[in-house]
*Asks:* 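Structure below; questions to follow.
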Amino acid sequence: MKITNLYIALFFLSNSFGIFAQHLFNVEGFGVINDGVTLNTKSIQDAIDAAYQNKGGTVVFPAGKYLTGTIYLKSGVHIYLEENATILGSTDPFTYEKLIIEDPPTTLKTDDNSKLALIIANKAKNISISGKGIINGQGRKLALNIDSLHHKGIRVDPNYGSRVQETMRPKIINFWECENVKISDITILNSSSWVQTYELCKNVTIENIRVISRAYWNNDGINITDSKEVKIHNCYVDAADDAITLKSYYTDALCEDIEIKNCEIRSSASAIKFGTASFGGFKDIRIDSIKVVDTYRSAIAIESVDGGTIENVVVSNMNAINTGNAIFVRLGHRAGDNPGKIENITFKNIKAQIPFGRPDSNYDLRGPDVGYFHNQWPASITGIPNHSVKNITLENIEISYPGRASKGMAYVPLWRLDAVPENSKNYPEYTMFGELPSWGFYIRHAEGITFKNIVLKLDDEDFRPAIIFDDVKDIGLENIQIPEGKNNQIVLKEVQNIISDEKNSVKIQKQ
């Protein structure tokens with residue numbers, strides 16, 4: 001890159017942080033060897049430390065391949081990768097270090113994610129990684145080397161299953177309690193674990209990046225944990241696990257003021273999901289203009305199962321093609337003294353196409369199947385007895401289903417709706433109830449449900465009714481369009497107060 005262009009890029013980057021990082025620290029001046037073979041951990045860290053001691057600066061990586069173990073990004077330091085510059089993660093497990101947290105918050109309820117990482121920042125401010133280059137974690141080889149250490153008895157995983165758990169595998173980026181963070185324009189490839197985590201951070205911008213990580217298991221594309229003022233804009237994420245995930249590990253913290261916008265997602269799990277860890281909660285979440293393709297599980301999954309509260313979420317303008325499930329909302333009670341809450345959720349302008357087979361069939365690593373034959377699942381919104389999800393609005397929704405359900409595969413007749421298990425303590429997933437007795441939507445233990453301008457389509461016949469409401473209070477149905485036939489019906493069980501307008505092309509049957 002020409003130096004003039006670099007200065008222009010740094011000018012805009014610096015202004016976004018309210019500083020001017022005109023001091024450049026070229027890693028070549030610190031003795032690095034960019035052959036992709038020589039380990040440069042100390043030399044790269046020396047460059048970062050020099051910029052930090054200078055009270056801020058930009059560490060520049062010219063074109064080349066820079067092999068390294070763990071490096072620490074510090075306050076006021078910006079990493080800039082020029083075009084054709086690649087940071088390569090070492091495949092030697094002993095070159096990685098853990099994020100060490102002094103006096104960690106006592107409200108941490110679970111510690112199931114790796115503290116190992118290629119790039120670590122701890123309580124740093126005004127930091128960034130940008131440019132046209134690549135960070136490649138070389139995750140498959142690294143993960144297999146870690147797996148070999150287990151079998152040799154050198155680093156034993158006490159919870160070993162079919163592979164070493166993700167807690168023993170390094171991420172690529174792990175930032176903890178940082179403020180004013182920007183990750184932009186780069187490409188991130190092939191993590192051995194989750195790709196990147198931003199935990200207890202404030203004012204984080206992730207924009208125009210490409211994340212492609214299908215090298216090994218448990219490689220979530222972007223994880224935001226109990227952070228505030230986060231923007232994820234104009235990103236492409238292709239991950240063999242969940243693509244963009246929000247988590248809450250602390251009972252006195254939450255994810256708040258999060259915007260995910262103009263992103264394209266492909267995943268062998270769920271596209272956007274939050275709540276599998278849900279101890280604190282999630283508030284004021286905006287998800288807009290999202291394209292989802294070839295995704296095995298849910299296009300959008302919203303879950304509180306550990307006592308946290310989810311409120312004020314808007315999901316709009318999402319187009320999901322070849323996706324296992326469109327919408328999954330779940331209030332459960334896996335952990336915590338009391339169940340959490342889910343309320344004030346809006347889905348608007350959502351279009352989804354559900355295939356008959358697996359949407360991720362061309363992935364090398366595919367999300368684990370459920371282990372039994374089944375008909376396709378509907379979208380679902382469910383609470384648990386005496387704890388309803390509340391005030392859920394769905395407007396301008398179109399979902400196309402494959403049909404071809406078979407009673408011979410599985411059959412839950414309408415007189416046996418109570419046979420659908422509650423599974424209150426189970427891991428939240430749209431397949432968690434087993435066979436469901438409707439093909440379009442399944443709503444149970446809910447209050448204040450509004451369906452407006454809903455179009456459900458079938459490619460072929462399905463013996464099940466389109467929608468089931470079970471233990472639901474205050475339902476509004478306006479302009480519901482469902483194909484004609486015996487499956488053109490909404491079934492009500494223990495429903496209070498339903499308003500249905502004359503535009504609905506549907507038969508309502510009380511059970």
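In this text, all values refer to a predicted model and were calculated from it rather than measured experimentally.
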*Asks:* Starting at OG of Ser130, measure out to CG of Asp185 and round the result to the nearest 0.5 Å.
*Replies:*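 Going from OG on Ser130 over to CG on Asp185, the span is 6.5 Å.
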*Asks:* Kindly indicate, with the supporting measurements, whether the criterion salt bridge (Lys or Arg N to Asp or Glu O under 4.0 Å) is fulfilled by Lys231 and Glu259.
*Replies:* CA-CA 5 Å; Lys231 294 181 175 64; Glu259 183 175 75; 5.7 Å; no
*Asks:* Is Asp418 close to Val420 at the side-chain level, that is, under 4.5 Å between some pair of heavy atoms?
*Replies:*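 With C-beta onward as the side chain, the pair stays apart.
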*Asks:* Consider only side-chain N and O atoms of Glu429 and Tyr427, and report whether a donor and an acceptor are under 3.5 Å apart.
*Replies:*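 Glu429 vs Tyr427: no donor-acceptor pair found between side chains.
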*Asks:* Please determine, by modelled atom types, if Asp147 and Tyr160 share a side-chain donor-acceptor pair under 3.5 angstrom.
*Replies:*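 Distance-only check passes for Asp147 and Tyr160.
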*Asks:* Is it true that Glu435 and Arg464 have a side-chain N and a carboxylate O under 4.0 angstrom from each other?
*Replies:*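 A salt bridge links Glu435 with Arg464.
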*Asks:* Indicate whether any N or O donor in one side chain lies under 3.5 Å from an N or O acceptor in the other, for Lys171 and Thr197.
*Replies:*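 Judged by distance alone, the side chains do pair up.
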*Asks:* Just by modelled atom types, is the Ser90 backbone N or O under 3.5 Å from a matching donor or acceptor in the Tyr96 side chain?
*Replies:*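 Side chain of Tyr96 to backbone of Ser90, a donor-acceptor pair under 3.5 Å: yes, one is there.
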*Asks:* Report yes or no: does Tyr430 contribute a side-chain atom to a donor-acceptor pair with the main-chain N or O of Ala379 at less than 3.5 Å?
*Replies:*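 Side chain of Tyr430 to backbone of Ala379: no pair is present.
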*Asks:* Going through the checks in order, is the side-chain hydrogen bond (donor to acceptor under 3.5 Å, both in side chains) test met by Asn349 and Ser316?
*Replies:* CA-CA 6 Å; Asn349 303 329; Ser316 58; over 6 Å; no
*Asks:* Considering non-hydrogen atoms only, spot the tightest contact between Ser114 and Asn174 and give its length.
*Replies:*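 Shortest heavy-atom separation between Ser114 and Asn174 comes out as O-ND2, 3.5 Å.
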*Asks:* Between atom CG of Asn208 and atom NE2 of His233, what is the distance when rounded to the nearest 0.5 Å?
*Replies:*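 One finds 10.0 Å between CG of Asn208 and NE2 of His233.
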*Asks:* Heavy atoms, side chains only, cut-off 4.5 Å: are Val495 and Ile475 in contact?
*Replies:*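 Contact flag for Val495/Ile475 side chains = yes.
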*Asks:* Which residue in the set Ile209, Ile206, Ile119 passes side-chain contact (heavy atoms from CB on, under 4.5 Å) when paired with Ile129?
*Replies:*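 Only one of Ile209, Ile206, Ile119 forms a side-chain contact (heavy atoms from CB on, under 4.5 Å) with Ile129, namely Ile119.
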*Asks:* Could you tell me which non-hydrogen atom of Asp369 sits nearest to which non-hydrogen atom of His374, and how far apart they are?
*Replies:*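 Minimum heavy-atom contact is OD1-NE2, 4.3 Å.
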*Asks:* Check for a donor-acceptor pair, side chain of Ser267 on one end and backbone N or O of Ala269 on the other, with a separation under 3.5 Å.
*Replies:*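 Checked: pair present.
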*Asks:* Taking all non-hydrogen atoms of both residues, which atom of Ala335 and which atom of Phe279 are closest, and how far apart?
*Replies:*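 Between these two residues, the closest heavy atoms are CB-CE2, 4.1 Å.
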*Asks:* May I ask you to decide if Asp470's main-chain N or O and Glu494's side chain share a donor-acceptor pair within less than 3.5 Å?
*Replies:*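 No: the side chain of Glu494 does not pair with the backbone of Asp470.
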*Asks:* Counting only heavy atoms from other residues, nucleotides and ligands, does the tally under 6.0 Å from CZ of Phe373 exceed 12?
*Replies:*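 Atom CZ in Phe373 is not crowded, with 12 or fewer foreign heavy atoms closer than 6.0 Å.
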*Asks:* Could you check Ile399 against Trp439 for side chain to side chain contact (heavy atoms under 4.5 Å, CB included), going step by step and ending with a plain yes or no?
*Replies:* CA-CA 11 Å; Ile399 308 177; Trp439 60 265; over 6 Å; no
*Asks:* Less than 4.5 Å apart, any side-chain heavy atom of Leu200 and any of Thr225?
*Replies:*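 Of all side-chain heavy-atom pairs linking Thr225 with Leu200, none is under 4.5 Å.
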*Asks:* Tell me, do Ile224 and Phe274 make a side-chain contact under 4.5 Å, heavy atoms counted?
*Replies:*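 Heavy-atom side-chain distance check fails, nothing below 4.5 Å.
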*Asks:* Determine yes or no for a side-chain-to-main-chain donor-acceptor pair under 3.5 angstrom, with Asn375 supplying the side chain and Ser406 the backbone.
*Replies:*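 Yes: the side chain of Asn375 pairs with the backbone of Ser406.
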*Asks:* Of all the heavy-atom pairs spanning Phe433 and Glu422, show the shortest one and how long it is.
*Replies:*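 Scanning both residues completely, I find the closest heavy atoms to be CE2-O, 3.6 Å.
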*Asks:* Is the backbone of Asn219 close enough, under 3.5 Å, to the side chain of Ser191 for a donor and an acceptor to pair up by distance?
*Replies:*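 Side chain of Ser191 to backbone of Asn219: no pair is present.
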*Asks:* Are side-chain heavy atoms of Asp284 and Ile258 found at a separation under 4.5 Å?
*Replies:*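 Result no, sub-4.5 Å side-chain heavy-atom pair not found.
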*Asks:* Among Asp306, Asn426, Asn423, find the one that has a side-chain hydrogen bond (donor to acceptor under 3.5 Å, both in side chains) with Arg334.
*Replies:*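 Of all the options given, the one that passes is Asp306.
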*Asks:* Checking Asp257 against Lys228 for the salt bridge (Lys or Arg N to Asp or Glu O under 4.0 Å) test, could you report, in this order, the C-alpha distance in whole Å, the side-chain angles of both residues, the deciding distance, and whether it holds?
*Replies:* CA-CA 6 Å; Asp257 188 11; Lys228 298 182 178 181; over 6 Å; no
*Asks:* Please determine if Arg366 and Asp360 form a salt bridge, counting it only when a charged side-chain N lies under 4.0 Å from a carboxylate O.
*Replies:*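 Salt bridge between Arg366 and Asp360, a charged N being under 4.0 Å from a carboxylate O: no.
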*Asks:* What is the minimum heavy-atom distance between Ile384 and Ser424, and which atoms define it?
*Replies:*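 Distance-wise, the nearest heavy atoms are CG2-OG, 3.4 Å.
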*Asks:* Using a 4.5 Å cut-off on heavy atoms from C-beta on, say whether the side chain of Ser184 contacts that of Thr205.
*Replies:*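 No, too far: nothing below the 4.5 Å cut-off.
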*Asks:* Take atom NZ in Lys493; do more than 12 heavy atoms of anything else shown fall under 6.0 Å from it?
*Replies:*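 Yes.
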*Asks:* Identify the residue among Lys247, Arg297, Arg266, Lys273 that makes a salt bridge (charged side-chain N to carboxylate O under 4.0 Å, His left out) with Asp242.
*Replies:*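 The option that passes is Lys273.
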*Asks:* Hey, does the side chain of Ser268 reach the backbone of Gly367 with a donor-acceptor pair shorter than 3.5 angstrom?
*Replies:*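 A pair under 3.5 Å: yes.
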*Asks:* Any idea which heavy atoms bring Ala326 and Ile354 closest together, and the distance?
*Replies:*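 Reported closest heavy-atom pair: N-CD1, 3.9 Å.
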*Asks:* With distance as the sole test, does Thr95 use its side chain to make a donor-acceptor pair with the main-chain N or O of Asp92 at under 3.5 Å?
*Replies:*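 Yes; at least one donor-acceptor contact below 3.5 Å.
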*Asks:* Would you say Asp157's side chain and Gln165's backbone share a donor-acceptor pair under 3.5 angstrom?
*Replies:*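 Yes.
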*Asks:* Determine yes or no for a side-chain-to-main-chain donor-acceptor pair under 3.5 angstrom, with Ser248 supplying the side chain and Asp226 the backbone.
*Replies:*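 Not confirmed, Ser248 side chain does not pair with Asp226 backbone.
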*Asks:* Does a donor on one side chain sit under 3.5 Å from an acceptor on the other, for Lys390 and Asn344?
*Replies:*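 The answer is no; no qualifying pair exists.
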*Asks:* Heavy atoms, side chains only, cut-off 4.5 Å: are Ile244 and Ile265 in contact?
*Replies:*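 Yes, at least one pair of side-chain atoms sits under 4.5 Å.
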*Asks:* Quick check for you: to the nearest 0.5 Å, what is the distance between Ile498 atom CD1 and Asp474 atom CG?
*Replies:*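 Separation between the atoms: 10.5 Å.
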*Asks:* Taking atom types as modelled and ignoring hydrogens, do the side chains of Tyr363 and Asp238 form a donor-acceptor contact shorter than 3.5 angstrom?
*Replies:*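 Asp238 and Tyr363 do have a side-chain donor-acceptor pair below 3.5 Å.
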*Asks:* Side chains of Ile350 and Met318: closer than 4.5 Å at any heavy-atom pair?
*Replies:*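 Yes, close enough: below the 4.5 Å cut-off.
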*Asks:* Going from CZ on Arg210 to SG on Cys235, what distance comes out if it is rounded to the nearest 0.5 angstrom?
*Replies:*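 It is 11.0 Å, given to the nearest 0.5 Å.
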*Asks:* Go through it in stages, so that I can follow the logic: the residues are Asp460 and Tyr401, the test is side chain to side chain contact (heavy atoms under 4.5 Å, CB included), and I'd like the CA-CA distance, side-chain angles, deciding distance and then a yes or no.
*Replies:* CA-CA 8 Å; Asp460 209 333; Tyr401 289 94; over 6 Å; no
*Asks:* Aromatic contact between Phe441 and Phe469, with the criterion being ring centroids under 6.0 Å apart: yes or no?
*Replies:*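 That pair fails the under 6.0 Å test.
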*Asks:* Any side-chain donor-acceptor pair under 3.5 Å between Glu199 and Tyr250?
*Replies:*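 Tyr250 and Glu199 do have a side-chain donor-acceptor pair below 3.5 Å.
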*Asks:* Does Pro93 have any side chain to side chain contact (heavy atoms under 4.5 Å, CB included) partners at least two apart in sequence or in another chain, and if so, which?
*Replies:*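 Testing Pro93 for side chain to side chain contact (heavy atoms under 4.5 Å, CB included), a comparison that skips the adjacent residues, returns Leu142, Asn145, Ile146, Leu149, Arg155.
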*Asks:* State which residue, out of Ile310, Ile302, Val305, Leu246, fulfils the side-chain contact (heavy atoms from CB on, under 4.5 Å) condition with Ser278.
*Replies:*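 With Ser278 as partner, Ile310, Ile302, Val305, Leu246 yield a single side-chain contact (heavy atoms from CB on, under 4.5 Å), made by Val305.
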*Asks:* How long is the span from the CH2 atom in Trp176 to the NZ atom in Lys115, to the nearest 0.5 Å?
*Replies:*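 Going from the CH2 atom of Trp176 to the NZ atom of Lys115 covers 9.0 Å.
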*Asks:* Once rounded to the nearest 0.5 Å, what's the spacing between atom CZ of Arg444 and atom CG of Leu436?
*Replies:*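 Between Arg444 CZ and Leu436 CG, I get 8.0 Å after rounding to 0.5 Å.
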*Asks:* Taking the six-membered ring of Tyr216, is NZ or CZ of Arg140 closer than 6.0 Å to its centre and within 45° of its axis?
*Replies:*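 Judged by the rule (NZ or CZ under 6.0 Å from the ring centre, within 45° of its axis), Arg140 is not positioned above Tyr216.
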*Asks:* Output yes when Lys457 and Glu398 qualify as a salt bridge under the 4.0 Å nitrogen-oxygen rule, no when they do not.
*Replies:*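 Yes, Lys457 and Glu398 are salt-bridged.
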